[in-house]
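Just so it is clear, the values below take in all heavy atoms, side chains as well, and ignore hydrogens, waters and symmetry mates. Just follow the structure's listing: the first ligand is 1, and inside any ligand the first atom is 1. One-based numbering along the sequence shown.
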Amino acid sequence: MEITIRELQTDEQAPYALLLLADPSLKLVNEYLPRGICFLAMYQKEIAGVLVLVPTRPETREIVNIAVKEEFQRKGIGKQLIHFAIHKAREMHTKTLEIGTGNPGVGQLLLYQKCGFRITGVDQDFFVRHYKEEIYENGIQCRDMIRLSMDI
Ligand code: ACO
């Protein structure tokens with residue numbers, strides 16, 4: 001699918017519906033959004049996807065949010081957003097790129113590994129500790145965060 005990727009402008013409203021699709025905590029989204037760069041995948045004039053890249057430790061950045069509108073999913077946009085983020089992170093002299101997803105996120109885990117991430121660990125009960133409401137996906141509770149990383 002033919003998309004272009006650009007940064008969210010300072011005078012532009014962030015695409016909250018999409019950001020909340022990846023992360024149901026508005027509090028967490030509002031906490032990391034100003035610390036990172038928000039990239040938008042544009043299909044013609046429509047925002048089809050979003051990705052937020054945040055510096056975490058020296059030479060380390062994390063993709064803390066990635067989401068593609070339902071009608072645009074499974075068309076390669078998520079993959080293009082991740083490859084774009086890898087390229088941008090390299091330009092910013094990042095050595096390690098990280099990402100995490102909930103334990104039920106099998107599609108996400110496939111996508112991240114297809115893009116070159118390797119599983120490094122599990123943050124047990126992350127979603128129980130940091131989210132007020134219980135989250136369910138694919139019929140099971142989202143409790144643990146699977147952590148992945150890539151040397152870039
Ligand atoms: N089931 C199985 N495999 C999947 C799925 C899925 N639901 N989604 C992606 N994949 C895998 C497939 O291998 C796919 O290749 P294929 O279509 O040739 O089989 C490959 O990943 C590439 O998929 P894309 O089309 O590039 O992914 P998409 O544009 O659909 O975006 C995303 C993936 C962002 C996970 C999207 O499904 C989405 O927005 N989901 C809801 C929000 C979400 O869960 N975001 C991630 C939370 S974690 C975080 O934000 C750090």
Within a distance under 4.0 Å of any heavy atom of [X], pick out the atoms of ligand 1 and give their elements.
| X | answer |
| --- | --- |
| Lys75 | 25 (O) |
| Ile63 | 51 (C) |
| Gly100 | 48 (S), 49 (C), 51 (C) |
| Gly76 | 24 (P), 25 (O), 26 (O) |
| Lys79 | 26 (O) |
| Leu110 | 3 (N) |

Flag, side chain of [X] to backbone of [Y], donor-acceptor distance under 3.5 Å:
| X | Y | result |
| --- | --- | --- |
| Gln73 | Val68 | yes |
| Asn65 | Leu19 | yes |
| Asn138 | Pro104 | yes |
| Lys69 | Leu18 | no |

Starting from [atom], which protein heavy atom do you reach first, and at what distance in Å?
| atom | result |
| --- | --- |
| atom 29 (O) of ligand 1 | Gly78 N, 2.8 Å |
| atom 40 (N) of ligand 1 | Gln73 NE2, 3.6 Å |
| atom 35 (C) of ligand 1 | Gln108 CG, 3.8 Å |
| atom 45 (N) of ligand 1 | Ile66 O, 2.8 Å |
| atom 42 (C) of ligand 1 | Leu21 O, 3.6 Å |
| atom 4 (C) of ligand 1 | Gly107 CA, 3.5 Å |
| atom 39 (O) of ligand 1 | Val68 N, 2.8 Å |
| atom 49 (C) of ligand 1 | Tyr112 OH, 3.7 Å |

Looking at side-chain heavy atoms only, is the closest gap between Arg57 and Glu98 below 4.5 Å?
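Sidechains of Glu98 and Arg57: in contact.
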Answer yes or no: is there a side-chain heavy-atom contact under 4.5 Å between Val50 and Ile66?
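A side-chain contact is absent here, since even the closest heavy-atom pair is not under 4.5 Å.
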Glu137, Gln124, Gln141, Arg143 screened by side-chain contact (heavy atoms from CB on, under 4.5 Å) with Asn103, the one that passes:
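Of all the options given, the one that passes is Arg143.
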Please report the closest heavy-atom contact between Cys142 and Gly102, naming both atoms and the distance.
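Heavy-atom minimum between the residues: SG-CA, 3.6 Å.
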Glu7/Lys88 ion pair, N-O < 4.0 Å:
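No, this pair does not count.
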Pairwise ring pair (Phe, Tyr, Trp, His ring centres under 6.0 Å) hits with a residue in residues 61-108, at least two apart
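Pairs touching residues 61-108 that pass the test: Phe39-Phe84, Tyr43-Phe72.
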How does Arg74 reach ligand 1, by side chain, by backbone, by both or by neither, if only non-hydrogen atoms under 4.0 Å count?
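Looking at Arg74 and ligand 1, atoms from backbone and side chain both fall under 4.0 Å.
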Can you find an N/O atom of Ala67 closer than 3.5 Å to an N/O atom of ligand 1?
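Between Ala67 and ligand 1, no N or O pair is found under 3.5 Å apart.
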Distance-only donor-acceptor hits, side chain of residues 110-121, under 3.5 Å, sequence neighbours excluded:
| unit_1 | atom_1 | unit_2 | atom_2 | d |
| --- | --- | --- | --- | --- |
| Gln113 | NE2 | Leu109 | O | 3.1 |
| Thr120 | OG1 | Arg147 | O | 3.2 |

From atom 13 (O) of ligand 1, work out which of Lys114, Gln80, His83 has a heavy atom at the shortest distance.
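Checking each option, the heavy atom nearest atom 13 (O) of ligand 1 is found in Lys114.
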Counting heavy atoms only, which of Leu111, Ile146, Val52, Val106 is nearest atom 33 (C) of ligand 1?
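Residue with the shortest heavy-atom distance to the ligand atom: Leu111.
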